[in-house]
Amino acid sequence: MRLQNKFILLFISILLLTFIINIFLAYFLIASTLTHIQKEEIRVAGELLRNSLEGKLKNLLLMLNLFFLKSDSLKNQIKEIKSKVAYFEVRRRDYLIKNWENPPDLPPFPILFQNPLHEYVERVKKFSSLPVTQIIITDDQGLALAFLHKPSSPFLPPVKRGENDFFLCRTEGKILSLSFPLEEKGITLGSVRVEVNLENIFKPLRLFSLGRTGTAHLLEKGKLLLSSSNWKGGEREYRDALKNRNYLKETWNLRIFTPSTTSPWELVLLKDKREDRVILVETFRNILRQFLIFLLLFILIGVYFSRYLTSPLKSIEKFAHRLARGRLSYRLRINTGDEMESLAKSLNLMAEKLEDMMRVLEEEKRNLQKISETKSLFLSAVSHEFKTPLTIINNYAHLLAGGKLGEVNPDQVERLRRISRHARYLIKLVDNLLNLSRLEAGEWETQMEEFPLRKILEETSKEFAPLARNKGVKLSLELPSRLPHLRSDPYALRTVLDNLVENAIKFTPSGGRVIIRGMKVGDRVRVEVEDSGPGIPPEEREKIFQPFYRVDREETRKGWGTGLGLAITRALLDLLNGKIEALEGKEGGALFRITLPIMGGEDGKDNGGG
Ligand code: ADP
């Protein structure tokens, strides 16, 4: 992942984590606070409502007390009417009860319809602020002496004293009927029945609302009297809900306000618990939406800034790549005014120095090449010049030692043979020098042709068999039944094999053995020359391929050697797209392994051209 993306990812992760933790904490904190607030809210609202209802009711009772119960003039008037009125005859009475009017064949009974109590009732209605809809004053027998609206019957059932000095009953949903006796010194004089429009008293309850779902309900002895107008359900739903209080408590915050001494009512307040949760969820949804917008913005800013921050690093990366590819003239241009800029300056300085050093090195290399070329030219010229006289010396020494040019004594023969041996060594040295300089100058021309590998290995083995035999070394050839043909330069390959097998025999003491192996490995062939000689120390295994390098030990010093054979071998294999490595043989001796591309068909032993 790129550094820039890592930066962005890191920022976003930190942001998200902080946000999620905060949002959870905030949610639970606010939720618990909300529940608390909601409960408190209901408590306060309920107290206010109850007080308001109580106040109205107290006011009503106070008024009634003032106008009727404590009114001595009212009591005196009732007494007066009662003393004036002689009781009806049975007929008149029955007729009145039946038809609620004066019998047509009898004179009217003015006391009942036109007594001063009617005026009194009218006055009360007019001057009190009470929402009174009906007032009926009766005598102790229940006969209506005065009224606002004519009652359906002239006789009303007698009134008994109740616990609260009045009886409550609800009629038509809106009317509160209050009935109470009028007494004097323990004797009942009559009664007053008042009907009050509840609408006015319950106005605060009807108008009550708390949030979206808060409702208030007024109950009397478990019976629902009234609900606030925003209560969507009817009485039945309310009763069902009340019956199953658990359900109610699960989803509603509920509080019951018990009645005070003046009222027989119970006030119940409800508010849906989910209401505030809904608001909370909505709020958090809004926060989330805003957060996402913010996150998007943040990502954009983050991308911009991380690009801005990492762009110098990218330039430096590009710079390093170009440097690695050898483009030393490339320079960084970073003007951030911070550490990046000073780093860029140092890198530019480094590149400049590197460029200078490379220039010097190039110069040196050219000089060295020139020297090397001169040396090669010199060597090849000298070698060339040496080769003919050396061949002549060798030939003459050979002829002389053989007695072909006159008689020579054994002592002379011995010396002549030494001359010939040294001359041959020098010829070989000259040959190797010439070969190496040709290879180095790129003048060795390969002659590519297809030939069986088996053939070349068998020829080599055959050629070195006498040498090995003379030295008492067992030379063997290990080949599989099938070996591929190669497309390569057979002469170069022979030179390589000759070098390796000759070395192996040369460094293996008498009684030892040399094995030549050939095999196919994948799409290549492998040729190994393994001996049981002293081997090559691991630290020398690369060095022996350098020209003139010889392992410093007794066997090397004793034997003839130019130190050029393996250098030529490696150079030739480079030409043939092969490679050579020096390893340790199974018996501790040297193992040279050559790998070569095949590029030819396969042969069997029978058609293998051996
Ligand atoms: P030369 O054999 O003429 O000295 P080479 O280039 O062929 O030169 O070999 C370089 C050196 O590598 C040798 O002098 C010898 O020390 C070491 N060397 C090569 N082949 C063997 C081998 N088969 N066993 C041990 N040492 C070897």
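Remember, predicted model here, so these are calculated numbers, not experimental data. We count ligands from 1, going down the list as the structure has it; atoms in each ligand are counted the same way.
The side chain of Ile536, and not its backbone, has at least one atom closer than 4.0 Å to an atom of ligand 1 (non-hydrogen atoms only; side chain from C-beta on). When heavy-atom distances to ligand 1 are checked against a 4.0 Å cut-off, Glu540 has no atom that comes that close, whether in backbone or side chain.
Relative ring orientation between Phe28 and Phe24 is described as parallel, the plane-to-plane angle staying below 30° on a 0-90° scale split at 30° and 60°. Ring-plane geometry between Phe545 and Phe592 is classed as perpendicular, the angle between the planes exceeding 60 degrees on a 0 to 90 degree scale with a lower cut at 30.
The closest approach between a heavy atom of Thr562 and any atom of ligand 1 is below 4.0 Å.
The two residues Pro484 and Val525 make their nearest non-hydrogen contact at CG-CG1, 3.2 Å. When all heavy atoms of Leu596 and Ile594 are compared, the pair lying nearest together is CG-CG2, 4.0 Å. Pairing each heavy atom of Ser532 with each of Thr508, the nearest pair is OG-CG2, 3.6 Å. Residues Ile334 and Glu341 come closest through the heavy atom pair O-CG, 3.1 Å. Considering every non-hydrogen atom in both Met358 and Leu328, the closest pair reads CG-CD1, 3.2 Å.
Heavy-atom contacts of Leu564 reach the following atoms of ligand 1: 6 (O), 8 (O) (cutoff under 4.0 Å). The Tyr549 neighbourhood of ligand 1 comprises atoms 10 (C), 11 (C), with distances under 4.0 Å to a heavy atom of that residue. Per-residue contacts place Ile544 under 4.0 angstrom from the following atoms of ligand 1 (heavy atoms of the residue considered): 12 (O). Residue-ligand proximity, Lys506 to ligand 1, at heavy-atom distances under 4.0 Å covers atoms 1 (P), 2 (O), 3 (O). Atoms of ligand 1 found under 4.0 Å from any heavy atom of Arg550, numbered from 1 in the order shown, are 4 (O), 11 (C), 14 (O). Below 4.0 Å from some heavy atom of Phe592 lie the following atoms of ligand 1, by number and element: 20 (N), 23 (N). Counting the atoms of ligand 1 from 1 in the order shown, those under 4.0 Å from a heavy atom of Ala504 are 23 (N).
Checked by distance only, ligand 1 and Leu566 come closer than 3.5 Å through their nitrogen or oxygen atoms. Distances between N or O atoms of Asp531 and those of ligand 1 include at least one value under 3.5 Å. At under 3.5 Å, a nitrogen or oxygen of Gly563, whether backbone or side chain, sits near a nitrogen or oxygen of ligand 1.
Around atom NE2 of His422, more than 12 heavy atoms belonging to other residues, nucleotides or ligands sit under 6.0 Å away.
When the heavy atoms of Leu591, Asn503, Val501 are ranked by distance to atom 19 (C) of ligand 1, first place goes to Asn503.
To the nearest 0.5 Å, atoms NZ (Lys543) and OH (Tyr549) are separated by 4.5 Å.
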